[in-house]
Amino acid sequence: MTKYQDNQFFINNTLTRSKELFAPLNPPHVGLYVCGPTVYGDPHLGHARPAVTYDLLFRYLKHLGYKVRYVRNITDVGHLESDADEGEDKVLKKARLEQLEPMEVVQQYTNRYHEAMNALNILPPSIEPRASGHIIEQQVMAEKIIEKGYAYESNGSVYFDVLRYNKDHHYGKLSGRVLEDMVSDARKLGRQEEKRNSVDFALWKKADPAHIMRWPSKWSEGFPGWHLECSAMSKKYLGDHFDIHGGGMDLMFPHHECEIAQSVAATGSDAVRYWMHNNMVTINGQKMGKSLGNFITLEELFAGSHELLEKSYSPMTIKFFMLQAHYGSTLDFSNEALGAAQKGLARLMGAVNALDKMEPGDAGSFNIGEFEQNAYRAMNDDLGSPVLIAHLFDAARYINTTLAGNDSVSANDLEELRRLFRTFIFDVLGLKQEGDRETEDLSARLVELLLNIRLEVKKKKDFELSDRIRDELSEFGIVVKDKKDGFEWEFGE
Ligand code: ZN
């Protein structure tokens, strides 16, 4: 694998940030691992944010010519209700409640997840491994860690020895947590059980008699600890060292911190060159949670069937809304914000259609070369999709002005503009046309018809009716600007 760690890049936590992130190299291979969903429930907003973030990264790297092997796992075993190796397995609990075989639960929600991802036009990963399909790899890794002296067996379970590891390495370097604080917090809680220290985490858990997801091992019949699957599967498919590991901010600790410790303990060095974390979604300023009644699934969003929703929002509206924020910022969902995203998206798609109707003429006022540079600069600066979108809106404004006859475009520029506009909207941002073209064209023709009638109305000095037409159109998000010799209109932002 070609190294490119000289370009320190887009990490919103520990490493240096550089604007020259994707300095064009001869296309090397890039290994990308992203923690995928634990499949025990309907896909929801919390699933969409990482999916959109890493889809953007995957698409952009590919657009730049990198050969990307994108591994996104499915967690189907070992994710317990609490991070402290306690509680019921999430999949198993769902299986018990729905009286299904655990693998039926896994299949059902994996299918649902894929459907939602498809609707969002998220590219499938290159490999989508399941934790339960890699039990042997996880056992081998646990054994290796025991061999190196960083894990121990206790009563049929295997635990990672965090204190021992921290003597030689640094536990907490990703999240910035301090081990002494964690140890003293744990002591206050008084938990001890079979671990040497409460901060130790499970690599293998001996199964209770009632626990039906179990596999034989040299230690006991049991199941792997949640953190181990990602270390074992990334190693299997991307090697001991790979480029980028992504996931939600909520996974930074303990999940990713533990992944680092496991890899370092097993191989002696860090597996991951760059960590990348997407931020969380809030709803009307609140954290999303079932107990708060604001837990919205993607299916509910697409159908508008949750009581907090004023209407339905299309998958591309959701995607565009997420892309309008930087992946590292929190993102607040509200009907107002989604409505604005819907209008913005309609404006961009309107400009895509308008590009087809434009005729070349004299050179215009828009600098295409500068637009191209700005667009790449935005993306190269920590995947700056909001800045890219702002540049696309500038281009859209120029496209609409030109189509209305108030600016012009040369043949070369028109070709370039068509290419760039489509590349960034469809290939890089991963948006797609949703409405049918004919309906959109018909709407545009109807708006033109109404506005032409309005001109005649104005000539007859019926200003009341003329204002009414303008005001009612504005309620549909159509902005009308009167000109000396006619009018201009566009979908408002
Ligand atoms: Zn993971």
Side-chain angles (χ1 to χ4, degrees), residues 12-13 34-56 72-75 79-84 87-91 93-94 97-98 105 108-110 112-120 122 175 226 246-256 276-342 385-386:
N12 43 25
N13 45 64
V34 173
C35 291
T38 303
V39 282
Y40 68 102
D42 290 327
H44 53 78
L45 274 176
H47 288 118
R49 187 96 199 261
V52 169
T53 299
Y54 301 108
D55 188 57
L56 178 68
R72 187 186 66 203
N73 69 300
I74 292 283
T75 296
H79 197 171
L80 307 185
E81 287 178 291
S82 126
D83 280 340
E88 204 172 348
D89 183 295
K90 291 182 175 185
V91 170
K93 182 178 178 185
K94 190 77 178 181
L97 294 174
E98 298 196 356
V105 171
Q108 184 179 321
Y109 290 109
T110 301
R112 295 279 275 279
Y113 178 73
H114 286 158
E115 280 163 24
M117 293 304 107
N118 254 334
L120 288 166
I122 303 287
S175 59
W226 170 40
M249 206 82 108
D250 54 336
L251 295 180
M252 196 189 292
F253 188 89
H255 187 54
H256 291 162
M276 184 173 161
H277 292 97
N278 62 278
N279 214 322
M280 300 289 106
V281 172
T282 55
I283 296 182
N284 298 319
Q286 273 190 315
K287 217 180 140 181
M288 191 168 85
K290 286 212 163 106
S291 57
L292 295 168
N294 67 355
F295 186 88
I296 307 181
T297 69
L298 290 172
E299 282 156 18
E300 285 168 339
L301 263 172
F302 301 158
S305 62
H306 190 283
E307 58 175 12
L308 287 177
L309 300 170
E310 282 166 12
K311 55 176 184 162
S312 64
Y313 299 98
S314 75
M316 284 308 102
T317 299
I318 307 296
K319 189 173 197 182
F320 186 67
F321 173 65
M322 292 188 163
L323 290 168
Q324 273 188 299
H326 188 259
Y327 73 85
S329 341
T330 54
L331 182 61
D332 190 45
F333 261 69
S334 64
N335 284 291
E336 206 185 356
L338 283 169
Q342 189 175 20
S385 55

Asks: Verify side-chain contact (heavy atoms from CB on, under 4.5 Å) between N284 and N294, making sure each step is shown before the conclusion.
Replies: CA-CA 9 Å; N284 298 319; N294 67 355; over 6 Å; no
Asks: When rounded to the nearest 0.5 angstrom, what distance separates CG in L56 from NZ in K319?
Replies: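 One gets 8.5 Å once the value is rounded to the nearest 0.5 Å.
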Asks: Taking all non-hydrogen atoms of both residues into account, name the closest pair between K93 and E88 and its distance.
Replies: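 Minimum heavy-atom contact is CA-OE2, 3.5 Å.
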Asks: Could you tell me if S334 and D332 have a donor-acceptor pair between their side chains, going purely by distance under 3.5 Å?
Replies: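 Not at all, the side chains of D332 and S334 share no donor-acceptor pair under 3.5 Å.
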Asks: Between T75 and V39, is any pair of side-chain heavy atoms under 4.5 Å apart?
Replies: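 The answer is no; the side chains never approach within 4.5 Å.
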Asks: Do the side chains of H256 and C35 get nearer than 4.5 Å, heavy atoms only?
Replies: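 Side-chain contact under 4.5 Å: yes.
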Asks: Checking N335 side chain against L309 main chain: does a donor-acceptor pair fall under 3.5 Å?
Replies: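 The answer is no, because no donor-acceptor pair under 3.5 Å joins these two groups.
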Asks: Return yes when atom CD of E98 has more than 12 non-hydrogen atoms of other residues, nucleotides or ligands closer than 6.0 Å, and no otherwise.
Replies: yes
Asks: May I ask you to decide if T53's main-chain N or O and N278's side chain share a donor-acceptor pair within less than 3.5 Å?
Replies: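 No; zero donor-acceptor contacts below 3.5 Å.
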Asks: Work out which heavy atom in A325 is nearest to a heavy atom in R49; give both atom names and the distance.
Replies: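 Shortest heavy-atom separation between A325 and R49 comes out as CB-NH2, 4.3 Å.
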Asks: Does a side-chain heavy-atom distance below 4.5 Å link T282 with M288?
Replies: no
Asks: Any side-chain heavy-atom pair from L338 and L301 closer than 4.5 angstrom?
Replies: yes
Asks: Which value, rounded to the nearest 0.5 Å, describes the distance between H47 atom NE2 and I122 atom CD1?
Replies: 12.5 Å
Asks: Specify the closest pair of heavy atoms between R72 and G36, including all atoms of both residues, with the distance to one decimal.
Replies: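 Result for this residue pair: CG-CA, 3.8 Å.
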Asks: Specify the closest pair of heavy atoms between L251 and G247, including all atoms of both residues, with the distance to one decimal.
Replies: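 The answer is CD1-CA, 4.4 Å.
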Asks: Decide side-chain contact (heavy atoms from CB on, under 4.5 Å) for K311 and Q342; before the verdict, give the C-alpha distance in whole Å, the side-chain angles of both, and the deciding distance to 0.1 Å.
Replies: CA-CA 12 Å; K311 55 176 184 162; Q342 189 175 20; 2.6 Å; yes
Asks: Do you know which two heavy atoms are closest between L120 and P315, and how far apart they sit?
Replies: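 Shortest heavy-atom contact: CD2-O, 3.3 Å.
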Asks: Got more than 12 heavy atoms from elsewhere within 6.0 Å of OH, Y40?
Replies: no
Asks: Does H306 reach the side chain of T297, with side-chain heavy atoms less than 4.5 Å apart?
Replies: no
Asks: Do P386 and Q324 have side chains that get closer than 4.5 Å, going by heavy atoms?
Replies: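 Result no, sub-4.5 Å side-chain heavy-atom pair not found.
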Asks: Between H44 and E300, is a side-chain contact (heavy atoms from CB on, under 4.5 Å) present by the stated rule, with each step listed?
Replies: CA-CA 9 Å; H44 53 78; E300 285 168 339; over 6 Å; no
Asks: Is there a donor-acceptor pair under 3.5 Å between the side chain of S175 and the backbone N or O of M252?
Replies: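 It does not hold such a pair.
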Asks: First locate atom OG1 of T38, then atom CD1 of I74, and finally report the distance between them rounded to the nearest 0.5 Å.
Replies: 9.0 Å
Asks: Cut-off 3.5 Å, side chains only: do Y113 and D42 have a donor facing an acceptor?
Replies: no
Asks: Working note: Y54 + Y327, criterion ring pair (Phe, Tyr, Trp, His ring centres under 6.0 Å); need CA distance, chi angles, decisive distance, verdict.
Replies: CA-CA 9 Å; Y54 301 108; Y327 73 85; 7.4 Å; no
Asks: If every non-hydrogen atom of D89 is compared with every non-hydrogen atom of V91, which pair is closest and at what distance?
Replies: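 Between these two residues, the closest heavy atoms are OD1-N, 2.9 Å.
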Asks: If only side-chain N and O atoms count, and only distance matters, is there a donor-acceptor pair under 3.5 Å linking N279 with T330?
Replies: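 The criterion, which ignores hydrogens and geometry beyond distance, is not satisfied for N279 and T330.
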Asks: Is there a donor in the side chain of Q108 and an acceptor in the side chain of K94, or the other way round, less than 3.5 Å apart?
Replies: no
Asks: Looking only at the aromatic ring of each residue, does the gap between the centers of F321 and F333 stay below 6.0 angstrom?
Replies: yes
Asks: Dump the intermediate steps for side-chain contact (heavy atoms from CB on, under 4.5 Å) on L80 and K90, then the final yes or no.
Replies: CA-CA 6 Å; L80 307 185; K90 291 182 175 185; over 6 Å; no
Asks: Measuring from E299:CD to S305:OG, what's the distance to the nearest 0.5 Å?
Replies: 8.5 Å
Asks: In terms of relative ring orientation, are H79 and W226 parallel, tilted or perpendicular, with 30° and 60° separating the classes?
Replies: parallel
Asks: To the nearest 0.5 Å, how far apart are CG in L298 and CZ in R112?
Replies: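 Separation between the atoms: 11.0 Å.
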